[in-house]
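Each chain gets a letter, A, B and so on, in the order its sequence line appears, and its residues count up from 1.
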Amino acid sequence: MIFPISKKTKGELTAIPYTKCYAKTDKNGKPGICVESHLRHTAEVCRILRQQLTENLTLLGDLAIPSASVHDIGKVSPGFQLKYFRDAIIKQISEYRDKPAGHFLTDHAHIGACALWAHVNKEDPFQCPTVAQIAAMHHGSVRTEPLPKDSGELLGGAAWSEERKNLIKIMETEYGRLTFHVPSIVQRDFISGMVTISDWIGSDESFFPPAGLPPEVNINTAAQMAVSACGLIKPAIIPGLSFEEVFEFSPYDIQKQFGASIMNYGKPGVFVLEAPMGMGKTEAALYAAYLLMASGKNSGFFFGLPTRLTSDRIHERLDPFLKKICENKTGARLSHGTAWLKAFWHSSFEKGGEDFKPGNSWFNPRKRALLHPFVVGTVDQALMSVLRVKHHFVRTFGLAGKVVILDEIHSYDGYTGTLIETMASQLTQIGCSVIILSATLTKKRLSAFFKESQPVKERENIISQALDESFNSIDSVPYPLISGPEYALASPPPKGQEYKIHLEEMSYFKIAKHAIDKAIQSQCVLCIANTVATAQTWFDAISAEMPDDAFPIGLLHSKFPGFQRAAIEDLWMIRLGKHKKDEHENLRPNGCILVATQVVEQSVDIDADYLITELAPTDMLLQRMGRQFRHDRKNRPCTIPETLILCGNPDQSDNLDGVLDAFGRSNCHVYAPWVLWRTRDVWKKHHTVNIPDDIRTLLEATYEELSKQFSKKAQLMDDLHSKFVQHKNALADKAMGNLSTATAMPVGEDHETCATRYSDLPTTQVLLVQDINSTGNEAQLTLLSEERVMVNAVRPDPAVTAQLHLNLISIPSWLLQRYGSLETPSFLKKHFFETTPILLWNESSAEITLNGQLTDFQYTNLKGLFRTSVPEPPGSNSAYQEDDSEDITVYLTDFESMDPFDKSKFDW
DNA sequence: AATAAAAAAAAA
Ligand SMILES: [Fe+3]
Ligand SMILES: [Fe+3]
């Protein structure tokens, strides 16, 4: 936007003295509190917040108080005053009668920045003082126009400039120098966040009434009460507890070492713990967090996980922990997109279950949740502190000084992974101890967590020095491993488990037969496909071939509505999950088959005997194999876990098409063909594998860059490799471009421009129902679970929203758009932010209607959502005829040849 | 042209 350059009017405008400038309207829209008082309230609140900071943040906190004292200086301006208090202004000075507010600049944040740049003394006149930047951004985002002159007409001329200057000088004498310069953007964001939070609290009329505080109350006391009522006073941690006292069991070596090594390092930093599951990484991290908090080095924690479900689970585990370490029974705050729905799933909440302390409700708005002393949530909540989104710096302030624990780091892709690495290094600048928990990482990814992406060689040296041995070969890097900024520590590995590996190509029919054979031999078989369509085809083939009711079989993937997926997961948790003592042990079936997609790679704690899996990158294969022999169990039907990896042979192909066909076109959309090929080459050499002993070797070998060779295969691989690298770099670049630091000007809402995850196949969520009775603005919906709910275009009903959320499925948008434009029916508008069309399901025919048209989707409770008009996935035509392996599976041929890593696909 | 799973949303 460009401002009109107004001609010089006859004389200078008369300014209203700053003492008569208002900051806020009261409930009736009348002028409320004046600017000067609001500034004092905000500064005093900031002073109280400053007392809550950990020691390493106090210097920055000292700068926030003067910043807060001038944040709304831009309200001393004709534009702002006329916009909100026109009548009162005209009463004071009639010359404003014919001046509309639009004649001036009205954005007080922008005006404030002009004034501060003009009136704050600085060494470098071309550098925008930090306070000015903070004033500019204090409402969440910054305008992109250049700052006009403070004494210019848009801001009311010299007289108004003088008023702002006077108020600035008064505040500066009272609250401290404004001349500081903070070069670190993260540290500036921290101060900004602290100012904005002070502003939010200082603007709360229940603490600071519009009529002003009663004379007997001093501002400092009111601020103290406000901060404490908001629940921002840091809870006292009970010192001196041993690991046993906190968790009621004795620690493994690694659990002792980890916390001790961090305490010994003594400074903020990134600390990585790589260990297999079952070694108690969570407790190791929590105990480290306890030590750091008890010593006062950090205050509070944030525990970040990849999914909402895993966050919920950790959240439940934290209550006993907090009860042990914290005197005043502060519960942990759950923070993710649908955390608020939990209130309607768990009735205990209504009775105040975790709402121990008053003030908890202050944290309800999502942006504030991170300010709570103890937070568990999706990483995404924390990542929004580094993304170019509105109010990102409020989250930065929320995380500052905390122990930030980030779990399951191995599970993120290049986009989110890059964001996490950046955030980790930034957090160390604002007093955080960052704890990274992961299964094995490649040396490259590990090194990336240390000072500006440490060279891999340097990290290797640290590891080898620490272990006092020479580490020339990747084999000898130990696992589990603790890595800190300048140190490394090995820990004795758990006893290894030998796996038998088969790498084969099979038709669907043979796969089904094979699985059935194993199940009949009493084995619990897990089949993991790379795509939903393949999983469904396997499921059909197995159902058709198996003897009636011989053993339980099931299918699990994400194309089920939430309630059904949860039901299937619960059922299989009873069958294959961990059982307490002898309870349920007899529920483990005597042979069974569960067919699934990647949903079981994580967080579903099932234990299989035999695994059949499509070829996937080594990291994923290892995750999938982690589902075998997972629990301690006697009486298994087999002595050793066996894994059958399904994969065609690309080695003889002399062109790209041949290679892609060998891996399966669909698989190449999910995983980069180069990685699949490397994985196959690495795994085909092994008939057995020892886990965890061989993990590092397998992983490093997969991603190792090979020396030049001149065979046809090497050349094809080389092409695929450069595409893989290009794609990886594109993801990283995309992430870097979305950082708040990428441009000086954060703009946009949280979800708009910058996402925490990247997807190149956009999806739309749909609500699946059996019946609708609608009058337009109101409707009665019959859900798949047979429940009936009333929905209404005007009345929100969180309990119903919670129910509806369990009936959603996400579907690629382009598949839905074939049936017309997608819209949320008006009666659902109060329930979903996102566009949410309705799919109408006919139970007896399984058919699905959208926008009144019959679609090619069908749904059943056993198979989930599937398409009927699509040619069945590769190999299915041979599913019911016995083939010799000579007649190899036919892969999709009706697509014209296309490169799955075609540049256009990632030319964002 | 077509692939898993996953997340996201009130201020002063
Ligand atoms: Fe403001
Ligand atoms: Fe304000």
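If you check distances only, the side chain of W200(A) never reaches the base of dA11(B) with a donor-acceptor pair under 3.5 Å. The base of dA9(B) sits within donor-acceptor range of the side chain of E834(A), with an N or O pair under 3.5 Å. The base of dA6(B) is paired with the side chain of S759(A) by a donor and an acceptor separated by under 3.5 Å.
Counting to the nearest Å, the C1' atom of dA4(B) and the NE2 atom of H669(A) are 13 Å from each other. Rounded to an integer number of Å, the gap from Q602(A) CD to dA6(B) P is 9 Å. Atom CZ in R867(A) sits about 11 Å away from atom P in dA2(B), given to the nearest Å. Between the CG atom of L615(A) and the C1' atom of dA4(B) there is a distance of 15 Å, rounded to whole Å. Rounded to whole angstrom, the span from the CG atom of L387(A) across to the P atom of dA9(B) amounts to 11 Å. H392(A) places its NE2 atom 19 Å from the P atom of dA8(B), with the value rounded to the nearest Å.
Under 4.0 angstrom from either OP1 or OP2 of dA12(B) there lies at least one side-chain N or O belonging to H139(A). An OP1 or OP2 oxygen of dA12(B) is reached within less than 4.0 angstrom by a side-chain nitrogen or oxygen of H391(A). The shortest distance between the side-chain N/O atoms of R308(A) and the OP1/OP2 oxygens of dA6(B) is not below 4.0 Å. Proximity of T597(A) to the phosphate of dA5(B): a side-chain N or O atom is located under 4.0 Å from OP1 or OP2. For dA7(B), neither phosphate oxygen OP1 nor OP2 lies less than 4.0 angstrom from any side-chain nitrogen or oxygen of T378(A). Contact between the side-chain N/O atoms of R665(A) and the OP1/OP2 oxygens of dT3(B) is not found at any separation under 4.0 Å.
When ring centroids are compared, F397(A) and F393(A) stay outside the 6.0 Å threshold. Taking the six-membered ring for Trp and the full ring otherwise, W674(A) and H727(A) have centroids separated by 6.0 Å or more.
The listed nucleotides are dA6(B), dA9(B), dA12(B); the one nearest the side chain of S558(A) is dA6(B). Checked against dA9(B), dA6(B), dA12(B), the side chain of R395(A) finds its nearest nucleotide in dA9(B). Distance from the side chain of F833(A) is smallest to dA10(B) among dA10(B), dA5(B), dA6(B). Taking only side-chain atoms of M384(A), from C-beta outward, the nucleotide of dA11(B), dA9(B), dA6(B) with the closest atom is dA9(B). Which of dA10(B), dA12(B), dA7(B) sits closest to the side chain of S203(A) comes down to dA12(B). Looking at the side chain of V599(A), the nearest of the listed nucleotides dA2(B), dA10(B), dA6(B) is dA6(B). Here the side chain of K559(A) is nearest to one of dA12(B), dA5(B), dA10(B), namely dA5(B). Of all nucleotides listed (dA2(B), dA8(B), dA11(B)), dA8(B) comes nearest to the side chain of D380(A).
Looking only at atom types and distance, the side chain of H38(A) has a donor-acceptor partner in the side chain of H71(A) under 3.5 Å away.
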I'd like a table of donor-acceptor pairs (distance under 3.5 Å, sequence neighbours excluded) in which one partner is a side-chain atom from residues 408-419 of chain A, with atom names and distances.
| residue | atom | partner | partner atom | Å |
| --- | --- | --- | --- | --- |
| H410(A) | ND1 | A439(A) | N | 3.0 |
| H410(A) | NE2 | Q623(A) | NE2 | 3.4 |
| S411(A) | OG | E408(A) | O | 2.7 |
| D413(A) | OD1 | Y415(A) | N | 3.2 |
| D413(A) | OD1 | T416(A) | N | 2.9 |
| D413(A) | OD1 | T416(A) | OG1 | 3.4 |
| Y415(A) | OH | N738(A) | ND2 | 2.9 |
| Y415(A) | OH | A755(A) | O | 2.7 |
| T416(A) | OG1 | T756(A) | O | 3.0 |
| T418(A) | OG1 | G414(A) | O | 2.5 |

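Residue-to-nucleotide proximity on DNA chain B shows that, of R565(A) and K75(A), the 5′-proximal contact is made by R565(A). Residue L761(A) is the one, among L761(A) and D199(A), whose nearest nucleotide of DNA chain B lies closer to the 5' end (criterion: closest heavy atom).
Remark: side-chain polar atoms of R47(A) are not paired, donor with acceptor, to backbone N or O of I65(A) under 3.5 angstrom.
Proximity of L232(A) to I201(A): side-chain heavy atoms (C-beta onward) are separated by under 4.5 Å at one or more points.
Using a 4.0 Å heavy-atom distance criterion, Q381(A) is classed as a sugar-phosphate-only contact. V379(A) comes within 4.0 angstrom of nothing in the nucleic acid, heavy atoms only.
The side-chain contact (heavy atoms from CB on, under 4.5 Å) test with R624(A) is passed by exactly one of L526(A), T613(A), I612(A): T613(A).
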